[in-house]
Amino acid sequence: MPTLWEYIFGALFFSFCIIGMYRAEKRGEQKMKTIPACNGIPEGIQRSVEMGRPVLFEFGSIALNLYSQYIGPALGILNEVAKESARLGAHLITISFDPPSTAIMEEIVKNNYILYGRTMEEMDNRYVAGTDRGFTVATLAILEREKPGAHFLMGTTSYDAVIVCQAAADIGAFQVAGAIQTFQLPVMSVICDYVLIGEEFAVAGSVFSNKLGQLGTIVGHDWAKAVLVGLLILGAILAQFGLKIVMS
Amino acid sequence: MSFVRSFIPKIVLSAIIVITILSYFLGIVPLSNGVSIVNQYVIIMIAFSLPLGVINLVGRNIKNIQNKRQDWLLDIAMLVSLTVMTVLGIFFGVTNTIYLWLYNNVNIPVGAMVMALTGLYIASAAYRSFRVRNLEGSLLLVSAIIIMLWNAPIGAALFPPILPIGNWFNNYPLTTGNRVIFIGFALGVISLCVRYIFFRENITGEST
Amino acid sequence: MAWEVNNVIAAILVIGVISIAFKDNIFFKFVERIFIGITLGITLTAAYGVIVNNGIIPILQGNYLVIVADIMGLLLLSRFSKSYSWLSRYTLALIVGMSLAIFTRTAISALIIGSIAAVVNTPLITNNLLGTVSNLYAWVGLVAGLVYFVFTTGGIPKQGKPIFNIFSRIGRYTIMIYFGVYFGSTVLGRETVLLERISFVLRTFGIIP
Amino acid sequence: MSDVIKFIRIPKNQSKVIYALIIIVMIFSYTNPILLPLNVDLETQAYYNTIVDLPAGKTILLAFAFDSGQWGALGGAAIATLNLLQTKNDKILISPFSSVEGGLMIQRCLGLQKGGYNALGKYGVDWVILPYGPGDETFYAAMMQEPNGMHTAQGNKDYFGTNMENLPIMDNVHSHKDIDLLICIGGAGAGHQVRQFGVPYGIPILVADIAVDWAELKMFIDNGAVKGGIKDAVGSAELEKLIGIPGIATSTVAGLSLNHLLIIGFIVVGNIQYLYGRYKKRGGK
């Protein structure tokens with residue numbers, strides 16, 4: 001059974017996102033802090049096109065049906081990568097190891113290729129292995145043989161991040177990585193050119209879409225954090241006098 | 001027609017998220033049971049959808065073989081090992097001796113070595129990336145070295161104060177960073193759910 | 001133990017995998033193809049088991065709801081047809097929606113309340129210096145980290161105010177220290193796995209007992 | 001200064017050199033294990049003291065509950081424990097707990113202990129190997145039961161199928177009353193040992209386990225349910241140090257230490273190169 005605080009935070013934070021959404025649409029504008037890593041994606045694709053090398057996009061060795069909380073935010077980012085690749089005429093390779101990921105990647109790339117008049121034969125969505133370790137080996141093989149100019153690793157929480165990011169750095173690929181969970185963020189931040197850290201990864205898709213409705217929900221993030229910071233300040237003051245906020 | 005093609009799937013997505021979340025918060029037991037049953041069915045869906053992946057992979061290999069692309073002989077080796085393993089597994093069962101031999105003497109040792117590659121690549125990452133370029137880079141570097149000395153069995157013997165220092169770094173900076181990322185993580189999935197529920201974002205990312 | 005046939009074969013394949021770190025070579029390509037083929041065979045065998053035991057037998061025993069799951073799975077195969085590939089959107093919506101929502105509903109308790117409850121009741125000033133420094137780090141680090149991830153300048157924490165910028169910068173530093181500590185702590189686990197694999201190869205060729 | 005920098009300048013293909021150095025150092029640490037200084041934890045010391053302080057003539061149940069995948073972490077602890085038990089004249093009952101591979105690990109460790117396979121004394125009189133019984137906790141409970149669980153639960157036979165009547169060591173071993181110490185190598189934390197041996201019968205327990213399960217084991221040690229503990233390869237190396245016989249854990253841990261020092265060395269060299277490059281770019285400022 002959910003606790004009292006779960007109901008309070010749940011109701012507050014969901015409604016903050018909803019209010020922020022309608023507010024932004026009514027006002028017709030929504031200011032956003034620039035996220036440096038978001039500029040990395042067009043830059044990487046541009047570089048690849050100039051060098052005549054492919055662009056590689058992957059979620060990492062995690063499956064869609066088990067980890068949509070990690071892959072969900074990456075769908076908006078893949079949409080941007082597909083749009084830029086279609087627009088600039090890059091050879092975009094997407095790789096996956098579970099059929100739902102293959103299907104959803106193909107759908108997103110197809111929608112954007114149609115938009116920019118690219119043919120279906122130019123699409124290169126690959127199912128490369130059956131297990132996470134097979135996927136890691138297959139990714140290594142692609143990096144070594146097809147030498148992509150840009151490598152985008154979005155969402156993974158698994159050990160393969162160390163291997164594929166460092167192997168891509170060894171072949172000189174431009175890398176933008178991102179994850180919403182902690183596990184591989186340190187390694188990504190040390191190796192890659194740009195990293196979308198936690199919440200940045202969560203909102204990047206909306207920033208790319210530039211739609212007011214999506215940007216408005218990000219205001220909900222900030223109001224929620226304001227509430228939490230207020231709670232922390234209140235808690236610190238009370239704690240100094242030995243009083244406690246009961247929160248199990 | 002686009003109503004059925006793209007609008008109804010959005011309704012399905014929105015409804016599933018609302019039902020699953022509300023069943024937890026409102027404690028509607030039959031709804032929760034329904035959600036968990038459907039969740040078990042997802043495993044069945046994945047199994048039925050596997051041909052999508054296998055045909056994608058095998059098709060690519062066959063094209064390589066027909067066009068005699070580089071290493072096409074090895075693509076034949078992959079198709080042979082795939083066929084052998086699948087036929088043995090399905091028609092002779094997972095207790096078949098050859099299946100078990102391949103499982104124990106190829107799948108497990110090679111799989112363990114794939115994970116062990118992290119031991120090599122993390123060292124190169126440490127060398128190439130830790131630079132005292134600026135204050136942030138220096139903080140990253142110093143804290144990493146403290147924890148590595150604290151973890152290395154010889155660390156405490158070489159430099160005894162590393163134990164209390166390492167413990168402090170493992171207790172405060174590590175948990176503080178976790179909390180910051182966790183809160184951002186939770187807010188991220190909440191706003192993503194809101195965008196899906198109110199049709200502001202679509203999983204197939206149409207650029208309309 | 002040394003020079004056992006099975007282990008020698010496994011050790012040779014292990015050396016094939018290590019070789020990719022140096023240069024792509026025919027030996028690695030062979031190991032890669034065989035390994036991917038075998039792992040996919042294992043996945044197909046497991047999937048066959050699920051299809052028969054969970055997807056077909058229950059139907060024969062009267063659980064007709066399972067037919068819906070079978071059909072939803074087959075809908076993903078619509079990707080092969082140009083005109084009917086939109087059918088797969090229903091299955092994708094179900095998979096993404098279900099997995100995301102099941103996680104999100106408990107995320108508030110596990111991630112938010114779990115993080116805030118650990119810090120909200122800690123007094124910043126204590127009777128000993130180390131306690132005070134530690135509590136201050138935990139509190140300021142968390143608040144500054146949250147301030148660092150503020151995105152909408154039009155939101156409540158007005159960007160540009162000195163206090164806001166100071167906390168945002170402190171937040172950036174605490175995240176960098178966090179990444180350093182986390183990176184340092186993963187090195188031990190990664191190297192232990194590699195050590196075990198190398199000791200396996202050495203033991204197989206009788207170089208060590 | 002610049003020739004020194006040039007000397008340590010790593011050629012263009014830097015990663016390949018680093019990978020080679022990592023592998024060479026690891027092989028070196030195994031082929032000639034070197035005794036690096038090592039800090040002995042309290043839990044390892046308690047594990048060692050509990051065995052040393054046990055009076056002669058007692059009966060010890062030594063359980064093997066790990067498989068070949070955990071050999072790197074626990075093989076050293078198993079062999080070091082056998083070497084320590086050689087110095088005692090207690091009765092040793094070796095049992096493959098909760099792992100089909102336990103029997104294989106027992107054979108391997110007996111062969112690698114100091115003095116070889118029969119170093120523990122006369123088989124059937126000083127020590128015996130009991131058969132593997134499936135069922136985890138239900139099997140342990142059956143073994144401990146009065147009046148004769150130690151015989152009936154094992155089918156009255158030892159690991160090799162010999163009848164227990166022909167094994168003098170089993171004459172006065174019948175149930176929990178006759179077990180004076182349980183040592184468990186491996187075993188996923190210590191939960192089932194505490195539940196089946198500690199709480200019901202008060203048998204003192206020692207556990208060696210992998211790093212992943214250390215948090216749970218440490219909790220049992222702190223609340224006294226377990227007397228002492230070995231933490232993965234590092235704890236095994238500490239036990240080898242206490243016994244004075246360096247083994248595979250010492251070389252694994254030496255490999256870990258050298259490896260960590262090597263990576264720290266890489267970081268230092270990388271920064272010297274970087275700062276020297278920046279120094280040259282700014283014309284010696």
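So you know, we letter chains A, B, ... as the sequences are listed, proteins then strands, and number each from 1.
Residue L140(A) touches chain B through its side chain alone, counting heavy-atom pairs closer than 4.5 Å. Neither the backbone nor the side chain of A161(A) comes within contact range of chain B; no heavy atom of the residue lies under 4.5 Å from a heavy atom of that chain. Heavy-atom distances place the side chain of I197(A), and not its backbone, under 4.5 Å from chain B. For N125(A), the part lying near chain B is the backbone, with the side chain staying farther off; criterion is any non-hydrogen pair under 4.5 Å. Only the side chain of L185(A) has a heavy atom closer than 4.5 Å to any heavy atom of chain B. Contact of T182(A) with chain B is made through backbone and side chain together, with heavy-atom distances under 4.5 Å.
Looking only at atom types and distance, the side chain of E200(A) has no donor-acceptor partner in the side chain of Y194(A) under 3.5 Å away.
Here the closest heavy-atom approach between residue S191(B) and residue H221(A) is recorded as OG-NE2, 2.8 Å.
Between F201(A) and I35(A) the shortest side-chain heavy-atom distance does not fall below 4.5 Å.
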Decide ring-ring contact (aromatic ring centres under 6.0 Å, His included) for Y70(A) and F185(B); before the verdict, give the C-alpha distance in whole Å, the side-chain angles of both, and the deciding distance to 0.1 Å.
-> CA-CA 9 Å; Y70(A) 303 147; F185(B) 181 6; 5.8 Å; yes
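Within the 3.5 Å criterion, the main-chain N or O of W101(B) finds a donor-acceptor partner in the side chain of N105(B). Under the 3.5 Å distance criterion, the side-chain polar atoms of R118(A) are matched with a main-chain donor or acceptor of S85(A).
Using a 4.5 Å cut-off between non-hydrogen atoms, the part of residues 57-70 of chain B that approaches chain A consists of L57(B), R60(B).
Ranked by heavy-atom pairs under 4.5 Å with chain A, the list V54(B), V42(B), I122(B), I46(B) is led by I46(B).
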